[in-house]
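Okay, so here's the structure we're looking at.
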Amino acid sequence: MPHRPAPEGVDPNTPSAARIYDYALGGKDNYAADRAVAEKVFAMAPEMPVMARQNREFLGRAVRYLAAEAGVRQFLDIGSGLPTQQNVHQVVEEAAPGSSVVYVDYDPIVVAHGAALIGTRDDVAFVRGDLRELDAVLAAPDLRRLIDFDRPVAVLMVAVLHFVPDGDKPYEVVSRLRELMAPGSYLAVSHVTPDPHPEETAELAAVSTRAGAPWIARSRAEIMRFLDGFDLVEPGLVTPPEWRPGIARRVDPAKMWVLSGVGRRR
Ligand SMILES: C[S@@+](CC[C@H](N)C(=O)[O-])C[C@H]1O[C@@H](n2cnc3c(N)ncnc32)[C@H](O)[C@@H]1O
């Protein structure tokens, strides 16, 4: 049983990437169908929950870097996922109060819980939108009100592009966004990669696809292509625990099959 009732338009019987990820992070906004897929994946890849947490921590550190060190004051988080701890607007609020944050996700449960979390504040918004339909996303009134592409903006596409197969033109979407972004803007990306365990990753992707929650792994070179036109900030495209870890607890990067990086628009 879910811990909260299903919002309108949510089908609890079809697994959702957002809710599977929520379960991996130890959240409560997931249903039996999500947990069944997650448990299958965990049985094959016990490092999965650690990797999800590491990915989430990368997101937090990247946003802190962008707000506190790079001076960015507008954040567009595409494929934001369900609210959990250290949500982007909460990290931004500590590092750079007065910034604006727009979350975009195509999953109705994400938007319902997200809207409930932010309440009536007008510097943060949750937009329901599919990144494959970029024009509609960009036309959303809250996005137009809060994001000015003529000023530096941080676009966050963290653990979302691996849900978009090449046939849905993810490179075109990212390059259209890049052309809109003012110089000095940033793009943060996290993406599943077949390295260092190509066979296991392919098997996992097949299991997830059969269970109704498909994703695809891309090679380092393919992930780098999303960052064309951006200069990678140090330390480049690395596993999440290797990205500016500070004093964070060390996790073996060899167990991570995700690459994360932040690029600055030239
Ligand atoms: C694994 S979660 C990542 C959440 C967050 N970005 C993070 O890294 O912690 C992926 C999210 O992307 C969303 N998503 C997948 N495909 C999408 C699309 N085409 N348009 C918008 N959101 C999408 C899912 O609904 C899910 O909430």
Side-chain angles (χ1 to χ4, degrees), residues 7 9-11 14-27 29-31 34 37-38 41 48-63 75-91 101-115 117 126-138 140 143 154-174 176-177 187-192 204-205 208-209 212-217 226 239-241 243 256-262:
V10 173
D11 173 9
T14 304
S16 113
R19 299 188 317 238
I20 294 169
Y21 184 66
D22 173 71
Y23 182 61
L25 289 173
D29 295 312
N30 47 74
Y31 302 99
D34 310 306
V37 179
V41 171
M48 184 73 183
V50 176
M51 209 159 62
R53 203 153 300 132
Q54 287 295 319
N55 175 71
R56 190 74 196 170
E57 288 180 13
F58 155 74
L59 172 65
R61 292 196 303 280
V63 169
F75 293 80
L76 177 56
D77 183 4
I78 303 180
S80 62
L82 278 156
T84 171
Q85 274 132 36
Q86 291 276 294
N87 297 298
V88 170
H89 72 282
Q90 292 158 334
V91 177
V101 178
V102 175
Y103 294 104
V104 177
D105 205 290
Y106 69 176
D107 190 324
I109 201 168
V110 169
V111 181
H113 289 325
L117 174 77
F126 250 98
V127 167
R128 181 161 176 207
D130 186 327
L131 72 90
R132 295 168 298 182
E133 289 155 23
L134 189 60
D135 288 327
V137 170
L138 295 172
L143 193 148
V155 174
L156 314 170
M157 300 184 94
V158 177
V160 63
L161 289 166
H162 47 241
F163 297 112
V164 187
D166 286 357
D168 286 339
K169 305 196 165 84
Y171 290 102
E172 209 171 290
V173 169
V174 174
R176 282 194 56 208
L177 278 167
L187 174 67
V189 169
S190 251
H191 199 296
V192 172
L204 276 177
S208 300
T209 301
W215 50 267
I216 44 154
F226 286 120
T239 67
W243 199 90
M256 304 282 118
W257 27 279
V258 169
L259 289 173
S260 304
V262 175

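For ligands, and for the atoms within them, numbers begin at 1 and follow the listed sequence.
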Will you find, in the side chains of W215 and S208, an N or O donor that is under 3.5 Å from an N or O acceptor? yes
What atoms in ligand 1 come closer than 4.0 Å to a heavy atom of R132? 19 (N)
Give the atoms of ligand 1, by number and element, whose distance to some non-hydrogen atom of A18 is under 4.0 Å. 25 (O), 26 (C), 27 (O)
pair E172-L177: side-chain heavy atoms closer than 4.5 Å: no
Would you mind telling me if ligand 1 is within reach of the side chain of N55, the backbone, both or neither, using heavy atoms under 4.0 Å? side chain
Within-cut-off N or O pair, D77 and ligand 1, under 3.5 Å: no
Do the two ring centres, one from Y103 and one from H89, sit under 6.0 Å apart? yes
Looking at ligand 1, does any of its N/O atoms fall within less than 3.5 Å of an N/O of F163? no
Examine L131 against ligand 1 and note whether any of their N/O atoms are separated by less than 3.5 Å. yes
Counting heavy atoms only, which of L156, D130, V160 is nearest atom 19 (N) of ligand 1? D130
Quick one: does V104's side chain get under 4.5 Å of R128's, heavy atoms only? no
Less than 3.5 Å apart, any donor N or O on the side chain of N55 or Y21 sitting next to an acceptor on the other? yes
Out of all atoms in ligand 1, which are within 4.0 Å of some heavy atom of D107? Include the element for each. 25 (O)
Among all protein heavy atoms, pick out the one at the shortest distance from atom 22 (N) of ligand 1; state its residue, atom name and that distance to 0.1 Å. Y106 N, 3.4 Å
Numbering the atoms of ligand 1 from 1, which are under 4.0 Å from a heavy atom of G79? 3 (C), 4 (C), 5 (C), 6 (N), 11 (C), 12 (O), 13 (C), 22 (N)
Expected output: side-chain D22 to main-chain D29 donor-acceptor under 3.5 Å: yes
Does D168 use its side chain to pair, donor to acceptor, with the backbone of P165 at less than 3.5 Å? no
Measuring from the heavy atoms of S190, does anything fall under 4.0 Å of ligand 1? no
Output yes when the distance from some N or O of ligand 1 to some N or O of D105 is under 3.5 Å, and no in every other case. yes
Atom OG of S190 and atom CE of M157: how far apart are they, to the nearest 0.5 Å? 12.0 Å
Which atom names give the shortest non-hydrogen contact between P240 and F58, and what distance separates them? CB-CB, 3.9 Å
Any N or O of V158 closer than 3.5 Å to N or O of ligand 1: yes
Which of the numbered atoms in ligand 1 are below 4.0 angstrom from a heavy atom of G81? 4 (C), 27 (O)
For atom 5 (C) of ligand 1, the option (of P108, P170, A159, S80) bearing the nearest heavy atom: S80
With a 4.5 Å limit on heavy-atom distance, are the side chains of L143 and V137 in contact? yes
If you have a sec, work out which protein heavy atom is nearest atom 7 (C) of ligand 1 and how many Å separate them, to one decimal? Y21 OH, 3.3 Å
Do V88 and L59 come close enough that some side-chain heavy atom pair is under 4.5 Å? yes
Determine, using heavy atoms of G129 and all atoms of ligand 1, whether some pair is separated by less than 4.0 Å. yes
